[in-house]
Enquirer: 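Submitted below is the structure of interest, expressed as structure tokens.
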Amino acid sequence: MTFIPELPDPALESRLLEGLNPQQREAVVYRGEALLIVAGAGSGKTSVLTRRIAHLIETRDAWPSQILAITFTNKAAAEMRERVETLIGQAAEGMWISTFHSACVRILRREAETFGYTKSFTIYDSADSRALIKRIIKDLDADTFGFTVSKVAGRISKAKNELQDVESYSRDANFADPAEAVFVEMFRRYSSELTRANAFDFDDLIAQTVYLFRAFPKVAALYQRRFRHVLVDEYQDTNHAQYSLIRELTRLPKPEHLKGAVGFDGMPLKEYDTPLGPASLTVVGDSDQSIYAFRGADIRNIVEFERDFPNSKVILLEQNYRSTQNILSAANSVIANNFDRKDKKLFTTIGDGEKIVGFTGYSQHDEAQFIADEVAELRESGIDYREMAVFYRTNAQTRALEDVFIRSALPYRVIGGTKFYERAEIKDAMAYLIAVANPADPLALRRIMNVPKRGIGPATEAALQNHADKDGRSLREALREAGRLGLGPKVTAAIEGLATILDEVGTTVDTAAPADILAALLERTGFLEVLRASRDPQDEARAENVEELLAVTREFRRNNPTGTLLDFLTEVSLVAAADELDDSSGTVSLMTLHTAKGLEFEAVFLTGVEEGLLPHQMSAGEPGGPAEERRLFYVGITRARRRLYLSLAMTRAQFGDVTVAMPSRYLQEIPTELIDWRQSPGMANSRGGTEPRALNARRGGFGAERSIAGHSLGGPGGYAIESGGPGATARARAAARAAERPKTEWTSRVTSTVRDNGDLTLAVGDRIRHVDFGEGKVTAVTGVGPKSVAEVQFDTAGRKRLLIKISPIEKLA
DNA sequence: TTGAGTAGCATTTTT
DNA sequence: TGCTACTCAA
């Protein structure tokens with residue numbers, strides 16, 4: 001039979017390739033079993049990926065429903081979908097574009113009944129997992145073996161990422177070691193508690209999907225038949241479980257496993273539906289941007305791709321369309337220090353651009369003040385706030401930055417960090433929803449049992465739990481039978497009241513809108529009422545947060561008119577930090593370097609470039625730690641389009657007391673001529689004297705990676721050796737120098753003083769005195785009431801923005 | 001059982 | 001510094 005394909009529209013096809021360089025072009029049009037696109041930072045990979053998908057559809061090589069594209073965040077997924085739709089219009093419907101986790105939830109919900117779960121399973125986020133682990137540690141007195149919640153959570157997570165379950169883990173376990181025996185027991189309990197609660201944790205979502213596919217080839221075959229083109233972004237950050245999932249999906253299904261099967265449209269499959277070859281796989285990644293090894297990401301997945309897929313093709317994208325040459329040169333020279341990598345050099349035709357700006361503050365407040373001043377200046381030069389970002393290594397660093405940003409009245413937003421959904425009151429409200437959606441979940445129930453206060457304390461809870469355990473029933477069922485426990489009449493009534501509310505509201509879960517369910521729960525339990533009546537001033541804010549949650553549920557329904565409570569809970573569980581980014585908001589974004597991956601900004605401030613912070617102390621003991629930290633630094637640098645700032649502080653307050661910080665070794669890996677030091681470490685160090693070359697003069701003093709490499713001798717299970725290398729002596733010397741100095745030298749130039757000025761009003765031309773900046777003249781006043789902002793030209797400290805209400809200032813006569 | 005008060009401890013990065 | 005976990009009185 002002759003098959004005459006419908007010819008693709010040549011105009012459209014050329015539009016898909018328009019503006020692409022030859023390598024990008026090939027990445028779009030290549031057809032074959034396996035394709036690896038090695039995409040350097042800013043090399044236009046998203047564009048290539050979206051056009052490749054559009055091209056597959058446009059050339060009739062694939063139906064939209066045959067495409068599965070995996071991204072790192074939901075935001076990236078949404079963006080990709082949008083871009084594909086813009087390229088080819090409506091036809092994009094039916095594609096699966098999502099994160100690993102969302103895709104797996106979708107599969108698991110559909111297939112839950114096949115392997116002993118119900119489709120109303122809940123997803124435990126890390127806080128939930130930790131709460132459970134904490135209880136298990138307590139039960140088993142495992143802390144006597146030195147187990148902490150994070151250690152146990154880490155080990156369990158690692159095992160799951162390696163696709164180990166309790167059985168396979170204990171097969172290799174050394175039971176002669178009592179600590180290991182205890183760990184296995186904890187692992188066992190953790191797993192069985194999850195199963196009993198009809199819940200999956202993050203790692204389960206992937207691992208259980210792989211188990212499902214392996215144990216039920218007929219189920220797997222359905223998906224193998226459906227997805228003919230699998231595309232994976234950020235491949236360098238995939239772990240073993242995710243890798244296995246991809247392998248399962250791209251296997252050729254056996255015809256007998258498809259026999260009699262029913263397709264996704266509910267129609268029986270036909271003979272010719274059996275595919276002739278495995279699905280084609282496209283992965284995109286850059287091993288220089290692998291920063292998730294701590295989470296089990298295995299860089300070998302990308303490095304050994306060609307060996308894994310013998311018929312594969314590799315395409316390199318090295319031209320950068322994002323950054324200036326100065327920024328790229330800095331990035332190239334830093335990453336070149338990682339041995340064991342394929343040499344790759346980013347280049348651009350944009351031109352050199354501005355130099356990188358360096359600044360050394362006396363304290364983290366000083367550093368933050370510099371950033372705030374620069375942000376204000378950049379804004380004046382026409383760069384929008386939303387085009388600026390501040391990066392840091394640890395979340396704790398936000399404090400000083402937020403402090404100064406607030407006082408300077410600069411609009412900012414912290415991405416990630418203490419998230420909305422991690423607030424206690426939100427977790428409580430969510431626990432109500434979970435308890436209603438998944439009655440088998442005792443964790444949620446326990447959380448809300450006494451919120452708001454009902455007089456159900458630990459003793460009562462234990463009694464209920466006992467009753468439940470006695471005849472193998474759930475905690476929820478025990479609640480209904482509280483009358484038989486011989487508790488006080490008050491408590492009994494409270495318990496029964498709660499049970500009634502949950503049961504009655506529970507009848508509506510499949511039909512009612514999430515907002516209505518939440519409203520009913522809040523109303524009937526008096527949750528909001530109690531918060532509002534409280535004397536604690538913070539409770540007012542908590543009540544507002546809960547109302548915000550209510551608004552979120554309404555918003556959800558607006559976007560998903562048929563979305564059930566379960567859909568809402570799923571969506572909430574899987575939001576990533578980067579998903580919070582709102583492109584339309586005119587605020588500066590503050591985020592960790594990890595969150596920054598995949599994003600780009602016109603101006604980037606990379607803060608805390610200090611030894612011990614970047615690279616982080618904790619990384620020194622881990623194999624490959626310093627190299628991964630360097631990649632993190634590299635990722636940060638390459639986010640910037642035009643302006644890059646590197647800053648550090650001489651001293652940093654850590655839990656109350658102040659420690660002396662040394663410039664990061666990575667700073668020396670950047671050619672000096674690329675950095676314009678507004679205040680170099682040397683200048684900051686030597687009583688204001690000008691010594692811009694001081695950083696280089698100390699070469700070797702604190703930059704020696706040799707000291708770190710030596711640590712690998714410790715071997716597995718070894719403890720991190722107290723550093724005795726050159727780095728340590730330099731640190732000690734610096735500390736000694738600091739101690740000799742009069743204290744005032746080291747106190748920060750910018751304090752965190754806040755004052756309530758009531759309704760002090762300032763006018764242009766007023767002279768003021770500021771605690772930190774000295775005297776100055778008001779040059780502008782904007783805003784009204786408590787939000788009014790003064791712009792002040794200080795005599796020596798330069799120009800600053802000040803939120804009048806809280807600044808430590810006084811008006812001079 | 002609750003709430004106030006205090007002692008002790010902790011910070012790496014996250015789907 | 002800021003939070004949690006524990007103790008003790010009501």
Side-chain angles (χ1 to χ4, degrees), chain A residues 70-77 98-105 123-127 129-130 134 138 143 148-150 153-154 157 160-161 200-207 234 237-239 241-242 290-297 364 391-400 403 415-419 422 424 449-450 452-461 487-488 490-491 494 534-536 570 572-579 591-597 608 612-622 625 628-629 631-633 635-636 652-659 752:
Chain A
I70 303 282
T71 59
F72 204 65
T73 63
N74 294 304
K75 182 170 183 271
S98 69
T99 63
F100 270 109
H101 294 269
S102 322
C104 287
V105 171
I123 301 163
Y124 277 21
D125 65 18
S126 0
S129 299
R130 293 172 69 97
K134 197 169 173 184
K138 218 171 191 175
D143 48 341
T148 61
V149 175
S150 62
S157 169
K160 289 188 176 182
N161 286 333
F200 293 110
D201 67 16
F202 280 139
D203 303 312
D204 282 336
L205 295 178
I206 316 285
E234 308 284 10
D237 283 322
T238 51
N239 59 35
Q242 292 165 332
S290 160
I291 54 174
Y292 282 103
F294 73 93
R295 198 168 89 187
Q364 69 263 47
F391 301 157
Y392 36 81
R393 176 68 236 268
T394 68
N395 281 305
Q397 288 167 254
T398 49
R399 209 156 287 163
D403 249 30
I415 312 296
T418 323
K419 283 175 234 136
E422 282 167 15
M449 205 146 19
N450 203 25
K453 297 245 168 348
R454 303 187 170 88
I456 308 175
T460 313
E461 187 193 308
L487 296 160
K490 250 183 165 168
V491 193
S534 158
R535 283 180 299 118
D536 186 341
T570 303
V572 169
S573 318
L574 299 179
V575 289
D579 297 340
M591 68 189 86
T592 65
L593 283 164
H594 282 89
T595 304
K597 193 179 72 160
L613 207 50
L614 188 69
H616 197 277
Q617 227 131 35
M618 294 292 164
S619 71
E622 285 156 32
E628 174 143 327
E629 297 285 305
R631 289 194 293 268
L632 203 46
F633 187 52
V635 166
R652 200 162 278 276
Q654 273 180 335
F655 349 68
D657 52 14
V658 179
T659 54
S752 45

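The chains referred to below are lettered A, B, ... by the order of the sequence lines, with proteins before strands, and numbering in each begins at 1.
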Enquirer: Look at the side chain of His616(A) and the base of dT12(B), then say whether one donor and one acceptor between them are separated by less than 3.5 Å.
Expert: no
Enquirer: P atom, dC6(C) versus dT11(B): distance in rounded Å?
Expert: 16 Å
Enquirer: Please tell me if the side chains of Thr398(A) and Tyr392(A) come closer than 4.5 Å, counting only heavy atoms from C-beta onward.
Expert: yes
Enquirer: Determine whether the aromatic ring centres of His594(A) and Phe294(A) lie less than 6.0 Å apart.
Expert: yes
Enquirer: Please compare Ser150(A) and Ser126(A) by the position of their nearest nucleotide in DNA chain B and report the one closer to 5'.
Expert: Ser150(A)
Enquirer: Show your working on side-chain hydrogen bond (donor to acceptor under 3.5 Å, both in side chains) between Asp125(A) and Ser573(A) and close with a plain yes or no.
Expert: CA-CA 6 Å; Asp125(A) 65 18; Ser573(A) 318; over 6 Å; no
Enquirer: May I have the distance from Glu422(A) (atom CD) to dT14(B) (atom C1'), rounded to whole angstrom?
Expert: 10 Å
Enquirer: Quick one: Gln397(A) CD to dT12(B) P, roughly how many Å, whole number?
Expert: 12 Å
Enquirer: OP1 or OP2 of dT15(B) less than 4.0 angstrom from a side-chain nitrogen or oxygen of Asn74(A), does that happen here?
Expert: no
Enquirer: By salt bridge (charged side-chain N to carboxylate O under 4.0 Å, His left out), which residues pair with Arg652(A), not counting sequence neighbours?
Expert: Glu367(A), Glu610(A)
Enquirer: Mind calculating the distance between CG (Leu614(A)) and C1' (dT12(B)) to the nearest angstrom?
Expert: 11 Å
Enquirer: Any heavy-atom pair between the side chains of Lys597(A) and Asp237(A) that's under 4.5 Å?
Expert: yes
Enquirer: Looking only at side-chain N and O atoms, does Thr592(A) come under 4.0 Å of OP1 or OP2 in dT12(B)?
Expert: no
Enquirer: Indicate the ring-plane relationship of His101(A) and Phe202(A), choosing parallel, tilted or perpendicular according to the 30° and 60° boundaries.
Expert: perpendicular
Enquirer: Are any non-hydrogen side-chain atoms of His616(A) and Thr394(A) less than 4.5 angstrom apart?
Expert: yes
Enquirer: Starting at the 5' end of nucleotides 1-9 of chain B, put B wherever the base has a protein heavy atom under 4.0 Å, S where only the sugar-phosphate does, and a dash everywhere else.
Expert: SSS------
Enquirer: Does the side chain of Ser126(A) come under 3.5 Å of the side chain of Ser129(A) through a donor N or O and an acceptor N or O?
Expert: no
Enquirer: Contact class for Tyr292(A) vs. all strands (heavy atom < 4.0 Å): base, sugar-phosphate, or nothing?
Expert: sugar-phosphate
Enquirer: Counting C-beta onward and ignoring hydrogens, is there a side-chain heavy-atom pair between Asp203(A) and Asn239(A) closer than 4.5 Å?
Expert: no
Enquirer: For the base of dT15(B) and the side-chain ring of Phe72(A), does the geometry meet a stacking cutoff of under 5.5 Å between centres and under 30° between planes?
Expert: no
Enquirer: Walk along nucleotides 3-10 of chain C from 5' to 3' and tag each nucleotide B, S or - by protein heavy-atom contact under 4.0 Å, base first, then sugar-phosphate.
Expert: --S-----
Enquirer: Measure CG/Asp125(A) against P/dT15(B) and give the value in whole Å, please.
Expert: 11 Å
Enquirer: Quick one, Asn74(A) and Ser102(A) - any side-chain contact, counting heavy atoms below 4.5 Å?
Expert: yes
Enquirer: How close or far is atom C1' of dT11(B) from atom CZ of Arg652(A), stated in whole angstroms?
Expert: 13 Å
Enquirer: Atom CG of Asp201(A) and atom P of dT14(B): how far apart are they, to the nearest Å?
Expert: 18 Å
Enquirer: In whole angstrom, give the distance that lies between atom CZ of Arg393(A) and atom C1' of dT11(B).
Expert: 11 Å
Enquirer: Counting only side-chain nitrogens and oxygens, does Thr595(A) get under 4.0 Å of the OP1 or OP2 atom of dT14(B)?
Expert: yes
Enquirer: Given dT14(B), dT11(B), dT12(B), identify the nucleotide with an atom nearest to the side chain of Ala396(A).
Expert: dT11(B)
Enquirer: Could you tell me how far dT13(B) sits from dT4(C) if I compare only their P atoms? Round to whole Å.
Expert: 16 Å
Enquirer: Calculate the interatomic distance between Phe202(A) atom CZ and dT14(B) atom C1'; express it in whole Å.
Expert: 9 Å
Enquirer: Just call it for Ser573(A): base, sugar-phosphate, or nothing, with non-hydrogen atoms closer than 4.0 Å on any strand.
Expert: nothing
